[in-house]
Protein chains: 2
Amino acid sequence: MQRLTPQEEQCARDLLETVPIVMRMIRKQVRKHGASTLSVPQFRTLSFVNRRKGASLSEVADHIGLTLPSMSGLVDGLVTHGYITRKTQQEDRRKMNLMLTERGEKMLHVAREGAVTELSERLKRIQPNERATILRAMRILGEVFPEEKL
Amino acid sequence: MQRLTPQEEQCARDLLETVPIVMRMIRKQVRKHGASTLSVPQFRTLSFVNRRKGASLSEVADHIGLTLPSMSGLVDGLVTHGYITRKTQQEDRRKMNLMLTERGEKMLHVAREGAVTELSERLKRIQPNERATILRAMRILGEVFPEEKL
DNA sequence: TATTGTTATACTCTATAACTATA
DNA sequence: TATAGTTATAGAGTATAACAATA
């Protein structure tokens with residue numbers, strides 16, 4: 001653990017201050033458009049399963065960054081709401097096969113597009129070069145924190 | 001609700017994808033250094049009360065962006081852990097006066113500096129101009145989402 | 001009557017420990 | 001024995017509705 005430059009430190013402090021605020025905004029939008037029934041982790045789970053159809057529980061837990069029991073419970077909720085199906089794999093009967101239902105696909109789409117639209121409305125207020133800065137920052141952060149990636 | 005430019009939309013999608021990842025990292029660091037007893041909302045609450053000593057419950061709830069009952073419960077936990085004191089105001093006996101205890105001040109300091117240090121370590125891996133981009137982005141985002149501000 | 005705060009209730013998030021079933 | 005997943009348990013986050021106390 002080496003000495004920190006002021007810039008490194010200030011950058012960290014700003015992240016610590018700003019990210020939770022943006023997170024709260026995102027949570028609000030996802031809930032609003034997810035008919036009040038989707039949390040952010042549920043939303044991210046649907047999103048992942050949509051891209052990796054048939055993923056196992058462990059795979060999803062890894063990518064979302066939850067423990068297996070936590071993910072198991074989270075998926076319980078998604079199954080109960082009819083957004084996901086959970087079937088035992090034939091090749092290895094210890095593993096699950098997760099798939100979105102039609103209802104789940106619809107909900108994911110509605111929640112995502114709703115949240116994107118509202119966030120975009122906010123982002124209209126700033127200048128194009130400012131949006132470009134945010135975009136670049138998100139790409140950089142995505143590389144700095146890769147193991148926690150969606 | 002007007003038509004979105006591709007840039008506005010892409011910026012929103014990137015926020016939606018990246019912010020939860022960074023948030024998870026922050027949560028992990030705060031917990032790690034907060035001796036596993038501080039959540040991010042609790043951390044933010046301590047931080048706010050530290051700056052606005054004697055704040056009322058409503059003031060804190062407003063600034064953190066929680067409902068009164070939620071904040072009441074959150075503060076319950078902080079009082080139980082001995083990080084905060086809660087006293088009725090003399091001028092208006094409906095209101096509370098929240099203050100950090102010495103223990104609370106110490107915990108806030110340890111949690112914040114620990115999280116900042118670890119985040120900074122990550123940020124060492126990138127170039128100074130990339131850190132500058134992140135810093136600028138955080139400042140811009142802080143202005144775009146002002147009502148939810150810390 | 002309006003404001004401040006708490007209690008009751010009910011979800012979700014999240015973890016650890018203990019367990020079951022399969023390989 | 002090792003892996004995949006569930007169940008049990010527990011504390012925190014969060015909201016709405018109903019309530020008490022104060023102004």
Output the rounded distance in Å from [atom1] ([X]) to [atom2] ([N]).
X	N	atom1	atom2	result
Glu91(B)	dT3(C)	CD	C1'	15 Å
Tyr83(A)	dT12(C)	OH	C1'	14 Å
Ile64(B)	dA12(D)	CD1	P	17 Å
Asp76(B)	dA8(C)	CG	P	12 Å
Arg93(A)	dA23(C)	CZ	C1'	12 Å
Leu38(A)	dT12(C)	CG	P	11 Å
Leu74(B)	dT12(C)	CG	P	20 Å
Arg86(A)	dA4(D)	CZ	P	17 Å

Of the nucleotides [options], which has the atom closest to the [X] side chain?
X	options	value
Met96(B)	dA15(D), dT6(C), dT12(C)	dT6(C)
Leu66(A)	dG5(D), dA12(D), dA15(C)	dA15(C)
Pro69(A)	dA4(D), dA23(C), dT6(D)	dT6(D)
Ser70(B)	dT14(D), dT14(C), dA17(D)	dT14(D)
Ser72(B)	dT14(C), dT6(C), dT6(D)	dT6(C)

So, the side chain of [X] versus the backbone of [Y]: is there a donor-acceptor pair under 3.5 Å, distance only?
X	Y	result
Arg136(B)	Thr133(A)	no
Ser47(A)	Phe43(A)	no
Arg122(A)	Val144(B)	yes

Describe the nucleic acid contact of [X] in one word from base, sugar-phosphate, nothing, applying a heavy-atom distance below 4.0 Å.
X	value
Thr67(A)	base
Leu57(B)	sugar-phosphate
Asp92(B)	sugar-phosphate
Met71(A)	nothing

Whether [X] contacts [N] is assessed here as follows: a side-chain N or O lying under 4.0 Å from the phosphate OP1 or OP2. Is that the case?
X	N	value
Arg24(A)	dT14(D)	yes
Ser58(B)	dG5(C)	yes
His81(A)	dT12(C)	yes

Going by an N to O cut-off under 4.0 Å, is there a salt bridge joining Glu9(B) and Arg13(B)?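 The answer is yes: the pair qualifies as a salt bridge.
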Counting only heavy atoms not in Arg52(A), do more than 12 fall under 6.0 Å of its CZ?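 No, not enclosed.
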Is it true that atom CD of Gln89(A) has more than 12 heavy atoms of other residues, nucleotides or ligands lying nearer than 6.0 Å?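 Yes.
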Between Asn97(B) and Gly65(A), who's closer to the 5' end of DNA chain C by nearest nucleotide?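 Counting from the 5' end, the first nearest nucleotide belongs to Asn97(B).
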So which one's nearest nucleotide on DNA chain C is more toward 5', Gln89(A) or Leu68(B)?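 So the residue in question is Leu68(B).
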Base of dT3(C) paired with side chain of Arg94(B) (donor-acceptor, under 3.5 Å):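 In this structure, the two groups form a donor-acceptor pair.
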